[in-house]
**Q** 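Below you'll find the structure I mean.
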Amino acid sequence: MRAMVYRGPYRVRMEEKDIPSIEHPNDAIVRVTCAAICGSDLHLYHGLMPDTRVGMTFGHEFTGVVEEIGSSVQNLQRGDRVLVPFNICCGSCFFCVRELYSNCHNTNPNASAIGGIYGYSHTCGGYDGGQAEYVRVPFADVGPSKIPEWMNEEDAVLLTDACPTGYFAAELGEIKEGDVVVVFGAGPVGLFAARSSWLMGAGRVIVIDHLDYRLEKARDFAQAETINFTEHDDLVMHVKKITDFLGADVCIDAVGAEADGSFFQEVMTTKLKLQGGSPVALNWAIDSVRKAGTVSIIGAYGPLFSAVKIGDVMNKGLTLRSNQCSVKRHWPRLFEHVKNGVLKPSEIVTHRIPLEEIAEGYHMMSSKLDNCIKPLVQPQAA
Amino acid sequence: MAYTAQKSKIAYDSNELRNRIPGWGVDLDPKDRPAVPKEKFNPNTGAHWTFPERQAERWPRERSPEHKFLTPVFGTVCPPKGISGMIRRYAYKFSEGRAAHWLLLMGADRVDVLESRVTGLLTGRPDNPITEAGLQSEIKHHGLRSRLGQHRADLKHQPLDLLIMVGTWLAVGSAIYALGRAIAQNGSAER
């Protein structure tokens, strides 16, 4: 089969690989019909995530058709069209039965701090991802869901990570009616977090980024106020001024490891890889939120230490909430929102690229070319 | 006013927002939010086992010592190999709380890249720094227009990406050249 393959930092190519096989009775093999490149794939692409091995296939956002099932699979049949959450979860461990699917304890032998994730390094279990023609889906009776007849495939693929993760980011903020919410980062997750903040009753939503085209999308898609941080010498001071020197009630870090805004941190983290991620966005969030406010951290960071302003967290009495999104838990409500037209995930898709052009897709996304926000990958030849 | 008990008018009125934003407030009640409360006991996850059947271990699978045993399901792609594999196996002797664990893994990743460059050459699939870096997209997707006059913060460090990309090839090329030159000079000195 044809698959995207990692060749080292800033290098990927398409290669022929063996079609994955059933390795466990509850496995399914899914023929991928649509995949996406996620912003967090860039952490792998840039060589930031430990134990990212040459030869791995990335891609944790995908939809497909069930091609083969293991002997114990009961809930799926060959030919079913499915969307697959990015979390690989067993459904029976301490965490899964408490609906904390992203914290599954039975799918990632390489680390105990995080569950298994498709195509996300051996730190997340060493599974190949969906930027390929076929993918192995463990615990097929637990994770995947059949795509409803009424659902568009591009909406479905965004419901495997970006949309629920953004919605979950807003949930973590514990937003109350009239709250001022500041979202750091106008990538896909930031856009969904901003849009979801309104659903939870926010009184004002402000999105911060440095890319004008993404801020324009935040205004159109999420009807948010926007700030380009490059236009302000002191971003935190500006946020304080526009919130009557009180600060925001809720700040959402939807940026994570590769935050811009400090050249020093950029070199220390992205280039020299000496920290688990640039803490610039997170520290701006900590500084910009009001005392006793909530900071929701949904941006992905690596497992090494990062220089976070924990003293301010303590002195301000902040609540910090974070996790990887347990996607499956959010589906019933989000399916409802998509069906009712409250959310239209596919509105953020900007590019559709064939698998053959995967290297160009990664470079385009990494270098933010062509107003790229969300590229979809089409693995099947047209 | 931040210095009195009431907030000043820094947010919009809810009624105005209800009219302006489709779906405003549909999840205002925390009970309607899927992740509230944080832990919700749900035995109907689709699992029909108490503990999953164990996947066959086809080779000694590396695992974090923070796990009691090898998890019943695991990924089987890219088993450790070569020098990078030795470093990786050693790294998994340290817990996730130790910097040594992660720094050894990061080091192994870099060694893996060098090993793969060599094996790529030997197996007839050499790496192509231009196509694998996706540089054609600079032309197809408006490389210059996307950067010029855009006030982007990342422009300050993007040249470093180029340095990293070509740096390994320059370093390896220089090393080969220096080695070849040293051997040639040594040979002529002996004559």
**Q** May I ask you to say whether A:Glu171 pairs ionically with B:Arg33, meaning some side-chain N is under 4.0 Å from a carboxylate O?
**A**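 Salt bridge: no.
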**Q** Quick one: side chain to side chain donor-acceptor pair (under 3.5 Å) pairs with a partner in residues 114-126 of chain A, sequence neighbours left out?
**A** A:Arg53-A:His122
**Q** Chain A heavy atoms under 4.5 Å from B:Thr76: which part of the residue, side chain, backbone, both or neither?
**A** both
**Q** Heavy-atom cut-off 4.5 Å, strictly under: side chain, backbone, both or neither for A:Glu174 against chain B?
**A** backbone
**Q** Under a 4.5 Å heavy-atom cut-off, does chain B meet the side chain of A:Asp128, its backbone, both or neither?
**A**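 For A:Asp128, backbone and side chain are both near chain B.
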**Q** Side chain, backbone, both or neither: which part of A:Leu334 has a heavy atom under 4.5 Å from chain B?
**A** neither
**Q** Heavy-atom cut-off 4.5 Å, strictly under: side chain, backbone, both or neither for A:Tyr101 against chain B?
**A** side chain
**Q** Looking at A:Ser326, A:Gly203, A:Pro109, A:Gly126, which makes the most heavy-atom pairs under 4.5 Å with chain B?
**A** A:Pro109
**Q** B:Arg54 versus chain A, heavy atoms under 4.5 Å apart: side chain, backbone, both or neither?
**A** backbone
**Q** Heavy-atom pairs under 4.5 Å with chain B - which of A:Val342, A:Thr107, A:Leu172 has more of them than the others?
**A**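 Highest number of heavy-atom pairs under 4.5 Å: A:Thr107.
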**Q** Give, as side chain, backbone, both or neither, the part of A:Asp260 having an atom under 4.5 angstrom from any heavy atom of chain B.
**A** side chain
**Q** Any non-hydrogen side-chain atom of B:His67 less than 4.5 Å from a side-chain atom of A:His105?
**A** yes
**Q** Quick check on A:Asn26 against chain B: is it the side chain, the backbone, both or neither that has a heavy atom closer than 4.5 Å?
**A** side chain
**Q** Is A:Glu23 salt-bridged to B:Arg58, going by a charged N under 4.0 Å from an acidic O?
**A** yes
**Q** Does a side-chain heavy-atom distance below 4.5 Å link A:Arg333 with B:Asp32?
**A**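 A side-chain contact exists here, since the closest heavy-atom pair is under 4.5 Å.
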**Q** What residues, two or more places apart in sequence or in another chain, satisfy side-chain hydrogen bond (donor to acceptor under 3.5 Å, both in side chains) together with A:Ser366?
**A**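 Here the qualifying residues are A:His46.
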**Q** What closest approach, in Å, do A:Ala202 and B:Leu17 show between heavy atoms, and which atom pair accounts for it?
**A**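 Scanning both residues, the minimum pair turns out to be O-CD1, 3.4 Å.
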**Q** State, with a plain yes or no, whether a side-chain heavy atom of A:Arg98 is found less than 4.5 Å away from one of B:Lys38.
**A** no
**Q** Checking A:Phe263 against chain B: side chain, backbone, both or neither under 4.5 Å from a heavy atom?
**A**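 The answer is the side chain of A:Phe263.
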**Q** State, yes or no, whether a side-chain contact exists between A:Leu369 and B:His142 at a heavy-atom distance under 4.5 Å.
**A**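 In short, these two side chains do not touch, never coming nearer than 4.5 Å.
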**Q** Do B:Lys7 and A:Asp249 meet the salt-bridge criterion of a basic N to acidic O distance under 4.0 Å?
**A**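 Looking at B:Lys7 together with A:Asp249, the answer is yes, because their closest N to O distance falls below 4.0 Å.
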